[in-house]
Trainee: 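Handing you this structure, nothing more for now.
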Amino acid sequence: MQDYLAGLNERQKEAVLHINGPLMIIAGAGSGKTKVLTTRIAHLMAKGIDAFNILALTFTNKAAREMKERIERILGNNEARNLYIGTFHSVFARILRSEAHRLGYPNSFTIYDTDDAKSVVKTVLNEMQLDDKLYKPATVYNRISSAKNALVSPMEYATDYHIQQEDLRANRPAIAKVYDAYCKRCFKNGAMDFDDLLLKFYELLKTFPEVLSKYQHKFRYIMIDEYQDTNPAQYEIVKLLGAMHENVCVVGDDAQSIYSFRGATIQNILQFQKDYDDVKVVKLEQNYRSTQTIIHAANEVIRNNKAQIPKVLFTENASGEKIRIVRTMTDNDEGKFVADTIQEQKLRNHFSNKEFAILYRTNAQSRAFEEALRRMNIPYTMYGGVSFYQRKEIKDLVGYLRLIVNSRDEEALKRIINYPVRGIGKTTIDRVLLLANTHQITMWEVLEKADQLGFRAGTLSAIQDFVIMIKSFSSMLQKQNAYDVAFHVGKQTNLVKELFNDKSTEGLQRYENIQELLNSIKEWVESPDNEEGEVIDKTLGAYLQQITLLTDSDNKDPDADTVKLMTIHAAKGLEFACVFAAGLEEQLFPNAMAINTREELEEERRLFYVVVTRAKNKLWITYANTRYKFGSLVQNEPSRFIEELPKDHIDNTYAGGGTKMQSSFGFGSTGSVYERMNGGGWSSGKSALSAEKKYGPPPAKKTTPEYLGPKPEAKKVVEHTPSVDFQASDINDIAVGQKVEHQKFGFGEVLKLEGNQHNRMAIIRFDANGEKKILLNYARLKILS
DNA sequence: TGATCTATAATTTTT
DNA sequence: TTATAGATCA
């Protein structure tokens, strides 16, 4: 761990060498923030500070992992294992596991993910007999979540004038009561939601001075990454923990604050200097990531925001190529353009897949890119889908495990009580719920004493079998490790068998997922159970808590040679040689949901700043004239952010003048992409459009989006009116060569049959609509001959 | 009670 | 377009 200081610039060195006292690092995009943070921790340790006394909090597991690895590399030993590095949520959950009993929770409390939490909200709404059309669980949950993040208790919520006015105006005056009931319900279930991990930890520190003192002594040096994204709960916790030693170092960039929807407030970073005396402030303004063009553009854009800490990012990197603005006809064309350009860049400049990222505002935009990439056989990884642990089959097995660990967990109980089917249906469950509520006991307790509560004989025996089974699992937990129990549960409940017997492709996948879950438990059980003196909790309970805090991206390999697709939010902190910023359209980006106030719009702009600064060398900004939304075609204007880019740094030939087309496609290209796009037969009819039409000047400004008159030819279907006697035939009777009638596509001939028994597909040539692939499970076909 | 079908609503960002 | 919830049937 020699000269770790070499390779740092003066500013960076200043930050690293500052040991005692509060420190605020304002780190512009690509200014070596992580490097400074990790080097600083290494430096602290080199100066003799014990790793056990250092706490570093991040927002994502990924960031935590990366920091740990980098510190290990600098130190060259495994002292870094003793550092407390993790996300706010995981670190607090870990501490709460040994302290939760003080607050009346079981130490093996369950962590509810968003789905569980919404489900609790739903139960509460039902029981309060509120209309869930008006009180949508998601909306109500968001409201509760915001309150928690702002440390607003149910009581304060109910008595705050402004909050009440807001709810009243939205015609949802009962939210305060729901909030209260929700908290009580979670408590009764022995469960904490994501926000509770912060809130309850805060309460713990506030209520028990001895606990506070313990952790103040332990964490003598505190470091917070992405400080601009902290919410009031996190802010107060840091303040409490740091109050004794005041060795608090925060790193952030106000220009990259993009989580205010989650309660983050930029005030925290602006306030920092007032919270402590003698705050050392270091600004890192030199960017090592991007070209001058990109940095200049980013600076220009962010200048339009009012609220910010003054700073100017600069770089000594090459000036680089202009930013290319590309307009396409539809969202599908956008996908094709991007896939095509990636292919071309790979050939021309020898880029590998992993040097490309396609970044967008909303997850829904991924579809067009996925399709296009798949068609070109370009491997890609999509971030932000359903997490492995959110899959149904995984949640089912995990549901059993959760119930075993914490019998109060009502959500888990409801999930698995009749899966696999064991004759405890909806009627019975409702009855159990009612009994639980009237007797003020948990559902599990109702089941335990079901014999005294007058269930029908058949139902009673089903319930008793269930109770005996769960109890046998619980007792097994005393003697055997998490993996053995999980394996046994899977086997005993027939869950694994049921999936094994499902031979469809999806069934097979589900079966494999269960195997993967079991493997992961095994791996976890067998990994070393102590790190340098500290015993790691290897119980099933600890495992369950840990997996709820994992996200989709946590089990994806970032180094895999694939094109990365993700939202801009998910891309924060990452960098790529080539970036496609997609869907730069009004309504989409800035998003229609976030243009009502100046603050919201400025956050969208910061988001744009983030996406621009992800690019090292090449940046494309794309937008589509029309795209599908809820199944119908919508037309949008180009994003206002495009206009904010410095004109001399962009190449918008594509967007503006159709006449200069040939010379426009950077890198001395001959415009092959363009040719392919027009003439390559992507989908029917495109070639008929002239270049002028396709990439002509942007449409005249319109205040309201309108629907395109004629449908694009790609989507054109010659409508067919089904015969009066139309009746779907049995799909098993369909054979090659038959003449068939389809409700929508009309008459045609079956050319080919594909797929397995459960997922059969027919390729049919229709007289009026050409060849289509028809999924027999979904389509209705009538056999004519 | 359980399975299947039909109607309806919904998409901003996430630990 | 897709996912989900309620309605209907076995």
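Chain letters run A, B, ... following the sequence lines, proteins first and then strands; every chain starts at 1. Note that the structure is predicted; figures quoted are calculated from it, not measured.
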Trainee: Using the P atom on both, measure C:dT4 against B:dT13 and round to a whole Å.
Mentor: 15 Å
Trainee: Atom OH of A:Y419 to atom C1' of B:dA3: distance rounded to whole Å?
Mentor: 14 Å
Trainee: Measuring to OP1 and OP2 of C:dA5, would you say a side-chain N or O of A:K122 lies under 4.0 angstrom away?
Mentor: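 A:K122 to C:dA5 OP1/OP2: side-chain N or O found under 4.0 Å.
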Trainee: Within the 4.0 Å limit for protein heavy atoms, which parts of nucleotides 10-15 of chain B are touched? Write it as a string from 5' to 3', B for base, S for sugar-phosphate only, - for none.
Mentor: SBBBBB
Trainee: What are the two closest non-hydrogen atoms of A:Q308 and A:I302, and how far apart are they?
Mentor: NE2-O, 3.1 Å
Trainee: Is A:R262 close enough and on-axis enough to A:Y259, meaning under 6.0 Å and within 45°, for cation-pi?
Mentor: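 The answer is yes; both the distance and angle limits are met.
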Trainee: Do the rings of A:Y360 and A:F369 sit parallel, tilted or perpendicular, given the 30° and 60° boundaries?
Mentor: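 A:Y360 and A:F369: parallel rings.
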Trainee: Inspect the contact between A:R402 and A:E411 and indicate whether a charged nitrogen and a carboxylate oxygen are less than 4.0 angstrom apart.
Mentor: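 No salt bridge links A:E411 with A:R402.
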Trainee: Enter the distance from A:T87:OG1 to A:K62:NZ here, rounded to the nearest 0.5 Å.
Mentor: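 Nearest 0.5 Å value for the OG1-NZ distance: 13.0 Å.
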